Trainee: 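Provided herewith is a single structure, encoded as structure tokens, for subsequent inquiry.
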Amino acid sequence: MAPLRATDRAELDAALSKGHGDQVRALVIGARGRSGRGAVAALTVAGVAVTAWDLAETRELDREAVLDHDVLVNTVLTQTPAPPFVRPEDLDHPHRRLSVISDVTCDVTSECNLLPIYDRPTDWTQPVRRLCATAPLDLIAIDNLPSLLPRESSTAFSADLLPHLFTLADGSPVWRRARDRFEAASTASHDTPGRKS
């Protein structure tokens, strides 16, 4: 329901359990990660039949299987270009059953975008955008999605961060990698042609 509003897990689960997802088939790609596990859990509460894929199932992508689901949830974050899960030409596939895509990753501006079928994210005010009218295909691509569950997100992110904060003064590998990535990104942004510093 738009506009979206922050809630908690119990309220979200209560709303999802009122759904009628028994005829819906969903595919979650990246199902073993944090977002993927959350998507599988939410869809299960809604009574949706879930197919859970991870790296092994996408090495040689079965595009027909992707298009044969009603819902696709993409939770894959990649840092190297890879073949897209859905291409622009797939939107006109005569046997496409796929009618809803939720792109949790929201890499719309990245060269590593695995769903190069849209040009801008959606937001809390307009969470869904129609990509195809004739054979309807709707997109949900909200780049700050964890803030819909602020308490749970904050608790989970804090629990992951806290142990690393204790190693900050020790120069642990986690912080060295973070510094190296920051410096590489800073250098790349300064080396971009036409960019003003």
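Just so we're clear, the structure is a prediction, and the values are computed from it rather than from any experiment.
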Trainee: Do NZ/NE/NH1/NH2 and the carboxylate oxygens of D180 and R176 come within less than 4.0 Å?
Mentor: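 Between R176 and D180 there is no salt bridge, as every charged N stays at least 4.0 Å from the carboxylate O atoms.
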Trainee: For D90, is there an ion pair with R87 - N to carboxylate O distance below 4.0 angstrom?
Mentor: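 Judged by the 4.0 Å cut-off on N to carboxylate O distance, R87 and D90 do form a salt bridge.
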Trainee: Which value, rounded to the nearest 0.5 Å, describes the distance between C106 atom SG and D143 atom CG?
Mentor: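 Between C106 SG and D143 CG, I get 5.0 Å after rounding to 0.5 Å.
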Trainee: Test side chain to side chain contact (heavy atoms under 4.5 Å, CB included) on E11 and D8; report intermediate values, then the result.
Mentor: CA-CA 5 Å; E11 187 178 350; D8 63 31; 3.3 Å; yes
Trainee: Using only atom types and a distance under 3.5 Å, with no angle test, would you say the side chain of S147 pairs donor to acceptor with the backbone of N144?
Mentor: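 Between the backbone of N144 and the side chain of S147 there is a qualifying donor-acceptor contact (under 3.5 Å).
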Trainee: Could you check whether any side-chain heavy atom of P84 comes within less than 4.5 Å of a side-chain heavy atom of L115, counting everything from C-beta outward?
Mentor: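 Not in contact.
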Trainee: Hey, is the main chain of H95 close enough, under 3.5 Å, to the side chain of H93 for a donor-acceptor pair?
Mentor: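 Answer holds: yes.
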Trainee: Work out which heavy atom in R9 is nearest to a heavy atom in A41; give both atom names and the distance.
Mentor: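 That would be NH2-CB, 3.9 Å.
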Trainee: Could you check whether any side-chain N or O of S153 sits under 3.5 Å from a backbone N or O of P146, counting only pairs where one atom can act as donor and the other as acceptor?
Mentor: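 Here the side-chain-to-backbone pair exists.
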Trainee: Rounded to the nearest 0.5 Å, how far does CZ of R120 lie from CG of D123?
Mentor: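 Interatomic distance, D123 CG to R120 CZ, rounded to 0.5 Å: 10.0 Å.
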Trainee: Working note: D170 + W175, criterion side chain to side chain donor-acceptor pair (under 3.5 Å); need CA distance, chi angles, decisive distance, verdict.
Mentor: CA-CA 9 Å; D170 303 335; W175 294 108; over 6 Å; no
Trainee: Distance from E57 atom CD to L27 atom CG, nearest 0.5 Å?
Mentor: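 Answer for the CD-CG pair, E57 versus L27, is 9.5 Å.
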Trainee: Please report the closest heavy-atom contact between P116 and V86, naming both atoms and the distance.
Mentor: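 Between these two residues, the closest heavy atoms are CD-O, 3.4 Å.
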Trainee: Counting only heavy atoms from other residues, nucleotides and ligands, does the tally under 6.0 Å from CD of E111 exceed 12?
Mentor: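 Open.
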Trainee: Check this for me: does any side-chain nitrogen of one of E64 and R96 sit under 4.0 Å from a carboxylate oxygen of the other?
Mentor: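 Salt bridge: no.
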Trainee: Pair Y118, I101 - check side chain to side chain contact (heavy atoms under 4.5 Å, CB included), show working.
Mentor: CA-CA 11 Å; Y118 68 102; I101 294 175; over 6 Å; no
Trainee: Using side-chain heavy atoms (C-beta onward) and a distance below 4.5 Å, is V104 in contact with L145?
Mentor: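 They are in contact (side-chain heavy atoms under 4.5 Å apart), so the answer is yes.
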Trainee: What verdict does the side chain to side chain donor-acceptor pair (under 3.5 Å) test give for Q126 and T122, after you've listed the backbone C-alpha separation in whole Å, the side-chain angles of each residue and the deciding distance to 0.1 Å?
Mentor: CA-CA 6 Å; Q126 295 182 314; T122 62; over 6 Å; no
Trainee: Using 4.0 Å as the upper bound for N to carboxylate O, is an ion pair formed by R130 and D138?
Mentor: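 Salt bridge: yes.
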Trainee: Consider side-chain contact (heavy atoms from CB on, under 4.5 Å). Of V48, V71, D70, L43, which one does R25 pass it with?
Mentor: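 Per the side-chain contact (heavy atoms from CB on, under 4.5 Å) rule, the option paired with R25 is D70, out of V48, V71, D70, L43.
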Trainee: Does V66 reach the side chain of W53, with side-chain heavy atoms less than 4.5 Å apart?
Mentor: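 In contact.
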Trainee: So L168 and H164, do their side chains get closer than 4.5 Å, heavy atoms only?
Mentor: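 A side-chain contact is absent here, since even the closest heavy-atom pair is not under 4.5 Å.
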Trainee: Would you confirm whether S17, through its side chain, and A14, through its main-chain N or O, come within 3.5 Å as a donor-acceptor pair?
Mentor: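 At least one qualifying donor-acceptor pair exists.
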Trainee: Is there a side-chain contact between V100 and L98, using heavy atoms and a 4.5 Å cut-off?
Mentor: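 Not touching, per the 4.5 Å side-chain cut-off.
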Trainee: Determine whether more than 12 heavy atoms belonging to other residues, nucleotides or ligands lie under 6.0 Å from atom CD of E183.
Mentor: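 More than 12 within 6.0 Å, yes.
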Trainee: Measuring from atom SG of C132 to atom CG of L91, what distance do you get when rounded to the nearest 0.5 angstrom?
Mentor: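 Output value for this atom pair is 4.0 Å.
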Trainee: Does atom CZ (R97) have a neighbourhood of more than 12 heavy atoms from anything else shown, all under 6.0 Å?
Mentor: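 Enclosed.
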Trainee: Kindly indicate whether the side chain of P81, heavy atoms from C-beta on, has any atom under 4.5 Å from the side chain of C112.
Mentor: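 With C-beta onward as the side chain, the pair touches.
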Trainee: Between L148 and T7, is the side chain to side chain contact (heavy atoms under 4.5 Å, CB included) condition met? List the steps.
Mentor: CA-CA 6 Å; L148 284 172; T7 185; 5.6 Å; no
Trainee: So does R32 have more than 12 non-hydrogen atoms from other groups sitting under 6.0 Å from CZ?
Mentor: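 For R32, atom CZ is not crowded (no more than 12 foreign heavy atoms under 6.0 Å).
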Trainee: Tell me, do T78 and L114 make a side-chain contact under 4.5 Å, heavy atoms counted?
Mentor: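 Contact flag for T78/L114 side chains = yes.
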Trainee: Which residue in the set V50, T51, T75, V73 passes side-chain contact (heavy atoms from CB on, under 4.5 Å) when paired with V40?
Mentor: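 Considering V50, T51, T75, V73, a side-chain contact (heavy atoms from CB on, under 4.5 Å) with V40 is found only for V50.
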Trainee: Please confirm whether the backbone N or O of I140 pairs with a side-chain atom of R129, one donor and one acceptor, at under 3.5 Å?
Mentor: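 A pair under 3.5 Å: no.
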Trainee: Between D103 and L72, is there a side-chain heavy-atom distance shorter than 4.5 Å?
Mentor: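 They are not in side-chain contact.
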